[in-house]
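By convention in this document, chain letters (A, B, ...) are assigned in the order of the sequence lines, proteins followed by strands, and residues within each chain are numbered from 1. Values below: all heavy atoms of this structure, side chains included; hydrogens, waters and symmetry mates excluded. All values derive from a computational prediction rather than experimental measurement.
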Amino acid sequence: MTEYTTYDPSKVEKKWQTFWEENGTNEPDLDASERPFFNLMMYPYPSAEGLHVGNLYAFTGADIYGRFRRLQGDDVFEPIGYDAFGIHSENYALKVDTHPLELIPSNIANFERMLRAAGLMTDWSRTVDTTDPTYYKWTQWLFVQLFKAGLAEKKEAPVNWCPSCQTVLANEQVIGGLCERCDTPVEQQQLSQWFFKITDYAQRLLDNLDWIDWSETTKTAQRNWIGRSEGAQIRFPLRAESEEDEIVIEAFTTRPDTIFGATFMVLAPEHPLVPLIVTDSHRAEVKAYCETTATIDLVKRQKMDDQKKTGVFTGAYARNPASNEDMPVWIADYVLMGYGTGAIMAVPGHDQRDFEFAMEYDLRIAPVVCSQAMLSDSSDPASVELSLTEGAFVDCTSEEILINSDRFSGLKADEGGRAIVDWLAESGFAQSEVNFRLHDWCISRQRYWGPPIPIIYCDECGPQAVPEKDLPVRLPYVEDFRPTATGVSPLARVQEFYRTTCPECGGEAHRETDVSDTFLDSGWYFLRYPSTDFDDRPFDPARTRKWWPVHSYIGGEEHSVLHLLYSRFLTMVLHDLGHLESEEPYHRFRKHGLLIREGAKISKSRGNVILPDEYMTTFGADTFRMYLMFLGPFQAGGDFRDGGLAGPQRFMHKLWDSVVKAVTAGRSGFDDEEVERALHATIKKVTEDLEGLDYNTAIAAMMDYLNVLRADGRTASLDEVRPLVILLAPVAPHISEEFWARLGGESSIFDYAVWPAYDPAKLLTDVLHLPVQVNGKLRATIQVVVGASQEVVKEIALTEENVTRHLAGGDIRKIIFVQDRMINFVVG
RNA sequence: GCCGGGGUGGCGGAAUCGGCAGACGCAUCGGACUUAAAAUCCGAAGGGGGGUAACCCCCGUGUGGGUUCAAAUCCCACCCCCGGCACCA
């Protein structure tokens with residue numbers, strides 16, 4: 001047994017990290033485990049700067065939960081990996097002018113060193129590196145499965161183009177119209193790309209949110225992102241000019257109730273019908289407008305809130321199928337091609353945007369909805385004089401009624417909408433429709449640092465998936481991996497890669513040169529962890545059945561919609577294809593909060609980044625872990641203040657002192673009822689709080705208990721201190737191992753300790769302090785026995801001078817008594 | 001604009017099935033130990049007022065109303081902060 005008598009975290013932590021490693025403490029036997037528990041944390045991108053405190057905050061929170069479950073008897077598997085492909089790595093490599101293939105291994109080594117120092121319960125025998133061909137072989141396999149299932153398609157689409165990064169960005173990578181990487185305004189470009197049809201799954205992805213056990217805020221974010229809206233698709237025939245074949249404009253609306261107020265139509269400038277319907281006299285003007293909009297990037301176009309609406313008339317007229325009136329057809333850039341049909345029926349009376357447009361171009365505004373209050377009893381809803389000058393009237397509840405809407409006038413707005421759709425549906429002009437904001441997932445990246453998309457193009461046979469036996473399609477070493485300004489991947493310059501033969505006909509063919517999105521790598525990594533020892537399958541069915549779905553997943557809210565939605569989608573697809581039993585990947589997901597420092601956001605530009613390495617060297621990993629979890633509620637985040645570390649640091653030293661003294665004294669059992677009661681209350685509190693990830697209050701409870709143990713210079717008994725050591729182990733694993741060993745336990749504490757149980761009977765006191773109120777104000781606190789009746793309590797309360805004094809003014813009209821809680825005298 | 005989260009001492013934060021506001025910790029002040037300092041230990045402390053004192057009174061959880069014997073907690077209106085979405089038809 002080591003003899004050091006003062007707490008030296010570096011010695012203790014080194015000792016136990018070595019022990020864990022030598023004894024394989026954190027490497028469960030995946031096949032023999034009886035109570036498998038898959039404890040997942042969001043794997044990091046291994047940046048050159050090393051482990052970020054935000055990573056460590058998340059990992060520590062997840063690790064504590066894993067260790068807690070393990071001490072409760074679960075076989076916990078807690079793996080880690082690296083999300084090392086993608087734009088982050090590539091941009092950094094470009095910046096320092098070093099090939100990513102050289103950069104990644106040293107970055108990963110650095111991360112591993114820091115992760116080990118942090119005392120995580122990581123199973124280092126099962127890590128994942130997305131840039132390893134043995135991993136991305138299966139990422140490509142996944143692409144092939146979707147391709148074969150018809151869920152991957154190539155389409156020409158307007159995409160976000162960052163002129164600085166020279167690459168296409170996903171919608172999610174555009175923040176407020178700017179590139180998330182370099183803040184350059186994003187432009188539009190037409191490129192042919194691979195998409196996954198996630199929109200086919202929109203409804204299921206939305207529906208399952210009702211039952212999966214996730215942080216509510218995360219579910220809300222996904223609901224917003226999916227953006228379901230109910231309405232109708234309505235057909236507007238073009239008024240026949242000279243063409244004989246009829247042209248119909250389809251528009252989606254959430255307000256079919258307002259159709260009698262639709263006085264004009266607006267198409268997006270990119271709408272394919274525009275060139276077909278424009279009349280000769282308007283052709284030049286329309287063409288000019290379209291050209292202008294095309295040069296305005298998406299940024300400006302979506303930031304036009306406060307600017308005047310612009311647009312031009314096409315010369316064409318459509319017919320309103322409800323009112324039979326003619327509607328001029330305009331084009332305007334406030335209508336977006338990417339949503340609905342790219343065409344709208346404009347109802348200026350009841351849509352603010354349409355209202356502004358109508359005011360600008362002097363188009364007719366026809367009110368068709370108003371509140372009940374606005375109508376006088378005698379007026380006929382079918383012909384109401386009403387003029388809107390201030391803005392559109394957008395309310396639509398059962399409080400509003402339809403007016404000037406032919407035979408639908410007088411109906412409640414919400415019911416009227418349904419009636420109108422039913423009526424128009426009879427003649428084929430409308431159908432109920434659901435629209436989603438969610439777009440298909442663009443997989444293609446015109447970049448170097450990613451898994452090549454496993455597709456071969458053959459002039460004879462068309463696009464072919466690379467046969468599975470030929471996977472992986474290795475990413476060739478390319479000296480000059482810079483992206484090009486032409487939107488063609490650097491891989492296109494590598495002839496040996498580019499030229500190949502068709503797997504179908506054996507003829508000349510060429511490879512797809514785009515690589516896939518990083519979110520595809522991270523969309524399935526959790527499936528790989530339990531199966532890293534199988535190189536002939538992505539995930540072993542038996543292993544997966546035993547360990548998956550993930551039991552606990554903890555991560556940042558920044559991934560609420562991207563990573564978490566994509567991984568749900570891929571899981572659903574694999575489920576449908578018969579590869580997985582569950583269609584949801586995680587039993588429980590909890591988001592953690594954001595760490596700030598001294599009230600300010602942490603950022604490199606502010607120069608207030610926290611270097612975990614430095615703090616762990618100074619204070620030890622245990623103290624640092626404890627402080628990170630103590631500074632605020634884990635799921636809400638908190639404020640990191642250097643001064644705050646002193647609290648946990650003192651706690652560790654005091655506990656060390658108490659344990660050493662308890663061991664020296666060697667006393668067992670309990671000789672103080674109050675202390676024993678405090679112990680049971682602490683066990684209850686800590687157990688409940690750890691389960692709910694309320695780490696800050698669990699730690700406060702342990703501090704409280706230690707204060708009880710040490711009150712008035714008291715020396716604790718072994719039995720008083722041992723349970724505390726076990727309760728502390730999830731938070732401060734190294735020092736707890738040391739204590740456990742000194743208390744005579746067999747190592748590791750995580751293998752041999754049993755989580756303490758509390759005895760509800762021991763929580764009860766026989767006397768308690770009861771507040772006595774007079775008219776709701778506290779006037780005294782009395783001691784009564786537990787369960788004392790109202791009569792008894794009243795009698796004792798009335799002996800209090802301060803109570804009687806306040807009662808003196810009048811009669812007791814009423815007594816409010818809550819047993820064992822309080823008594824309140826109401827006097828009049 | 002819409003959706004979500006939040007506003008509590010000098011500071012981080014506790015307490016929300018309505019029932020003693022401020023647990024735990026930081027910083028601060030006083031005391032002990034020390035030649036001294038650091039460390040450590042003990043104690044004080046929301047604000048205001050009264051009392052020699054034990055104590056007592058008033059005010060107090062973003063603002064203004066309301067419900068209730070009783071409100072940080074519930075209801076209504078508003079202000080501010082953080083995050084997400086946003087000309088989404």
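- Within the nucleic acid shown, A/D704 comes within 4.0 Å of sugar-phosphate atoms alone, with no base atom in reach, counting heavy atoms only.
- RNA chain B is contacted by both A/G342 and A/P771; A/P771 maps to the nucleotide lying nearer its 5′ end (nearest heavy atom per residue).
- For the pair A/R568 and A/W214, the cation-pi criterion (under 6.0 Å, within 45° of the ring axis) is fulfilled.
- The side chain of A/K309 has B/rC87 as its nearest neighbour among B/rC87, B/rG25, B/rC57.
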If a pair means Watson-Crick or G-U wobble with both distances below 3.5 Å, what does RNA chain B look like in dot-bracket form, with | marking bases paired to a different strand?
(((((((..(((......[....))).(((((.......))))).(((((....)))))..(((((..]....))))))))))))....
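- Distances shown here put a side-chain N or O of A/R779 below 4.0 Å from the OP1 or OP2 atom of B/rC57.
- Put simply, CG on A/L778 is 14 Å from P on B/rG19, counting in whole angstrom units.
- Looking at heavy-atom distances under 4.0 Å, A/L631 makes contact with sugar-phosphate atoms alone, never a base.
- When heavy atoms are screened at a 4.0 angstrom cut-off, A/D712 is found touching no nucleic acid atom at all.
- A donor-acceptor pair is defined here as one N or O able to donate and one able to accept, closer than 3.5 Å; such a pair exists between the side chain of A/N608 and the backbone of A/S603.
- Taking only side-chain nitrogens and oxygens, A/N224 never comes nearer than 4.0 Å to OP1 or OP2 of B/rC88.
- Closest approach to the A/D333 side chain among B/rG13, B/rC87, B/rC24 is made by B/rC87 (side chain taken as heavy atoms from C-beta onward).
- Using atom P as the reference point in both B/rC17 and B/rC29, the two lie 39 Å apart (nearest Å).
- Per the geometry, CD1 belonging to A/I331 stands 16 Å off C1' belonging to B/rC87, to the nearest Å.
- The residue among A/G776 and A/F640 whose nearest nucleotide of RNA chain B lies closer to the 5′ end is A/F640.
- In this structure, A/K219 places its NZ atom 13 Å from P of B/rG5, rounding to the nearest Å.
- What separates CG of A/N696 from C1' of B/rG25 is a distance of 11 Å, to the nearest Å.
- Looking at A/Q773, its side chain comes within 3.5 Å of the base of B/rG19 through a donor and an acceptor atom.
- Computed from coordinates, the A/R353 CZ to B/rC2 C1' distance equals 12 Å when rounded to whole Å.
- Remark: A/K309 does not engage A/E360 in a salt bridge, criterion side-chain N to carboxylate O under 4.0 Å.
- Look at the P atom in both B/rG60 and B/rG47: the space between them is 16 Å, to the nearest Å.
- Taking 4.0 angstrom as the limit, A/K654 places none of its side-chain polar atoms (N or O) nearer than this to OP1 or OP2 of B/rA39.
- Remark: the separation of the C1' atoms in B/rC87 and B/rU63 is 34 Å, to the nearest Å.
- Using atom C1' as the reference point in both B/rG9 and B/rA27, the two lie 12 Å apart (nearest Å).
- Note: OH (A/Y334) to P (B/rC88) measures 10 Å, nearest angstrom.
- Of the candidate nucleotides B/rG12, B/rA86, B/rC87, B/rA86 has the atom nearest to the side chain of A/R437.
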Starting from the C-alpha separation in whole Å, work towards a yes-or-no answer on side chain to side chain donor-acceptor pair (under 3.5 Å) for A/T217 and A/E557.
CA-CA 8 Å; A/T217 51; A/E557 252 205 318; 3.1 Å; yes
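- Within the 4.0 Å cut-off from OP1 or OP2 of B/rC88, not a single side-chain nitrogen or oxygen of A/H439 is found.
- Nearest nucleotide to the A/K601 side chain, out of B/rG19, B/rG83, B/rG4: B/rG83.
- A donor atom on one side chain and an acceptor atom on the other are not found under 3.5 Å apart for A/T623 and A/Y7.
- The shortest distance between the side-chain N/O atoms of A/R650 and the OP1/OP2 oxygens of B/rC26 is below 4.0 Å.
- Closest to the A/T217 side chain, of the nucleotides B/rA14, B/rG5, B/rG19, is B/rG5.
- Residue A/M822 is classed as a base contact, given a heavy-atom separation below 4.0 Å to a base.
- Relative orientation of the A/F634 and A/H592 rings is tilted, given thresholds of 30° and 60° on the angle between their planes.
- Here A/F630 lies in heavy-atom contact (under 4.0 Å) with a base.
- Across the P atoms, B/rG7 and B/rA86 are found 28 Å apart, a figure rounded to whole Å.
- No engagement by A/P648 is indicated, since no non-hydrogen atom pair under 4.0 Å with the nucleic acid exists.
- Here A/G227 lies out of heavy-atom contact (under 4.0 Å) with every strand.
- Base orientation of B/rG9: syn, the glycosidic angle falling within 90° of 0.
- Here the side chain of A/R255 pairs no donor or acceptor atom with the backbone of A/V347 at under 3.5 angstrom.
- Separation of the P atoms belonging to B/rC75 and B/rU67 is 15 Å when rounded to the nearest angstrom.
- In the set B/rC41, B/rA89, B/rC87, the nucleotide with an atom closest to the side chain of A/R710 is B/rC41.
- When the P atom is compared between B/rG12 and B/rC76, the two are found 29 Å apart, to the nearest whole Å.
- Here B/rC41 presents its C1' atom at 13 Å from CG of A/N707, a figure rounded to the nearest Å.
- Across B/rG30 and B/rG22, the matching C1' atoms stand 22 Å from one another, rounded to whole Å.
- Between A/K777 and B/rC59 there is a side-chain polar atom (N or O) within less than 4.0 angstrom of OP1 or OP2.
- In summary, of the residues considered (A/F619, A/Y695, A/F640), a ring pair (Phe, Tyr, Trp, His ring centres under 6.0 Å) with A/Y627 occurs for A/F640 alone.
- The aromatic rings of A/F624 and A/Y615 sit parallel to each other, their planes meeting at less than 30°, with 60° as the upper class boundary.
- Relative orientation of the A/W330 and A/Y361 rings is tilted, given thresholds of 30° and 60° on the angle between their planes.
- In this structure, A/H769 reaches the bases: a heavy-atom distance under 4.0 Å links it to at least one base atom across the strands shown.
- Aromatic pair A/F519/A/W441: centroids not less than 6.0 angstrom apart.
- When the P atom of B/rC11 is taken as reference, atom CD of A/E598 falls 13 Å away, rounded to whole Å.
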